[in-house]
Amino acid sequence: MTSIAQQIQAISNDLTATAKLVAVSKTKPNEAVLEAYQAGQRVFGENKVQELVAKYEALPKDIEWHMIGHLQTNKVKYIAPFVHLIHGVDSEKLLKEINKQAAKVDRIQPVLLQMHIAQEETKFGLNTEELNAIVEHVNQGMYPNIQVSGLMGMATNTENQTQIAQEFKALQALFTELKNTHFKNNANFKELSIGMSNDYKIALEYGATLIRVGSSIFGARNYTI
Ligand SMILES: *Cc1c(COP(=O)(O)O)cnc(C)c1O
């Protein structure tokens with residue numbers, strides 16, 4: 001058995017100069033987060049609001065908490081005061097609510113726009129049309145309490161490495177295009193959140209700046225989410 005600290009070290013050694021590890025601690029106890037924290041990890045990801053809030057309250061305050069999963073609009077208010085980055089913005093309705101709640105707590109909330117890149121229909125994410133509408137409205141100044149920091153995507157759950165690589169490559173191309181056009185003068189648009197335990201090495205080849213790794217660090221989860 002390798003320890004949490006050893007796994008974090010091993011994955012950190014794989015990172016490119018521009019990539020950061022988001023340790024996905026969902027379903028794992030506070031003790032496991034603390035073990036990672038003691039190994040120097042400060043960035044953690046959760047996908048359930050209730051669990052994210054409970055961990056934020058119980059654990060050291062210099063942890064950067066990332067909301068990585070599908071976020072319901074009615075729950076945004078619980079995390080708006082502290083969440084570092086919301087990865088999964090998959091509708092304009094959600095963006096609008098985040099803007100509203102961020103304004104209430106006087107914050108500019110960094111978010112990533114989640115694109116649908118997988119073959120599975122079950123996965124969340126925007127299509128190109130929805131993305132274009134959001135980008136246009138952001139640039140018109142409709143969401144003053146939002147900072148669009150980049151894109152997020154989840155590849156198809158498959159053994160086919162070529163397919164995963166194609167999906168990441170397409171998202172990287174879109175990211176680069178946006179960076180050179182709509183976000184040309186915006187240094188904050190810099191994050192590409194791709195890659196999980198099974199595919200983070202491929203993601204790093206396609207420009208990942210954030211990889212979201214859970215089971216490789218903390219072990220398999222008792223139930224899948
Ligand atoms: C659970 C989860 C991860 C981490 O998955 P692992 O396969 O355990 O590394 C990454 N991203 C999202 C959105 C998740 O929900």
Side-chain angles (χ1 to χ4, degrees), residues 1-15 19-29 32-33 35-36 39 41 43-55 63-72 75-76 79 83-91 94 98 110-126 149-161 163-164 167-168 171 175 191-225:
M1 260 299 277
T2 49
S3 72
I4 288 173
Q6 284 169 323
Q7 285 306 105
I8 286 182
Q9 189 56 55
I11 295 165
S12 298
N13 288 342
D14 290 331
L15 292 175
K20 250 208 255 184
L21 168 64
V22 179
V24 177
S25 48
K26 64 190 187 195
T27 81
K28 299 296 176 180
V33 177
E35 204 175 323
Q41 182 66 27
V43 185
F44 292 88
E46 290 285 335
N47 73 338
K48 291 268 188 287
V49 165
Q50 207 179 352
E51 191 175 352
L52 177 55
V53 171
K55 282 178 173 156
I63 289 178
E64 253 183 40
W65 289 105
H66 290 213
M67 175 67 198
I68 61 166
H70 178 65
L71 176 58
Q72 288 170 277
K75 296 195 173 157
V76 173
I79 60 171
V83 67
H84 189 82
L85 180 64
I86 298 174
H87 288 232
V89 173
D90 55 6
S91 73
L94 175 61
I98 296 170
V111 307
L112 304 181
L113 303 176
Q114 180 174 0
M115 293 302 294
H116 188 272
I117 57 170
Q119 274 183 351
E120 299 126 307
E121 281 184 23
T122 50
K123 296 229 163 111
F124 293 103
L126 304 161
S149 299
L151 301 180
M152 182 264 204
M154 285 173 92
T156 305
N157 186 8
T158 172
E159 298 288 300
N160 186 339
Q161 313 273 302
Q163 187 182 343
I164 295 170
E167 292 170 1
F168 286 159
L171 191 63
F175 173 72
E191 306 290 6
L192 182 57
S193 171
I194 46 173
M196 315 186 0
S197 290
N198 289 332
D199 56 20
Y200 77 83
K201 287 187 186 168
I202 306 174
L204 290 168
E205 287 176 38
Y206 291 97
T209 66
L210 294 169
I211 57 169
R212 311 176 309 270
V213 180
S215 44
S216 282
I217 298 171
F218 296 107
R221 288 176 294 272
N222 286 336
Y223 51 98
T224 51
I225 295 173

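Atoms considered below: every heavy atom in the structure, side chains included; atoms not considered: hydrogens, waters and symmetry mates. Keep in mind it's a predicted model, so treat the numbers as computed, not measured. When a ligand or atom number is given, it counts from 1 through the structure's own listing order.
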Study note, to complete from the structure: Taking only non-hydrogen atoms of R212 and a 4.0 Å limit, the atoms of ligand 1 in range are 4 (C), 9 (O), 10 (C), 11 (N), 12 (C), 13 (C)
Check your understanding: Between E191 (side chain) and L151 (backbone), is there a donor-acceptor pair under 3.5 Å?
Key -> no
Practice item. Report the part of R221 (side chain from C-beta onward, or backbone N, CA, C, O) that has a heavy atom under 4.0 Å from ligand 1; answer both or neither where that applies. Key: side chain
Exercise for review: Look at the rings of H70 and F124 and say which category their plane angle falls in: under 30° parallel, 30 to 60° tilted, over 60° perpendicular.
Suggested key: parallel
Check your understanding: Below 3.5 angstrom, do we get any N/O pair linking G214 and ligand 1?
Key -> yes
Review point. Does V213 come within less than 4.0 angstrom of ligand 1, counting non-hydrogen atoms of the residue?
Key: yes
Revision key, fill the gap. Sequence neighbours excluded, the answer for side-chain hydrogen bond (donor to acceptor under 3.5 Å, both in side chains) partners of Y206 is none
Practice item. Establish, from distance only, whether the side-chain atoms of Q119 and E167 form a donor-acceptor pair under 3.5 Å. Key: no
Revision key, fill the gap. One finds that the ligand 1 atoms under 4.0 Å from a non-hydrogen atom of S197 are 6 (P), 7 (O), 8 (O), 9 (O)
Revision key, fill the gap. Heavy-atom proximity to atom 2 (C) of ligand 1 ranks first, among E46, M196, K26, for K26
Practice item. Ignoring hydrogens and angles, state whether a donor on the side chain of E46 or S25 is under 3.5 Å from an acceptor on the partner side chain. Key: yes
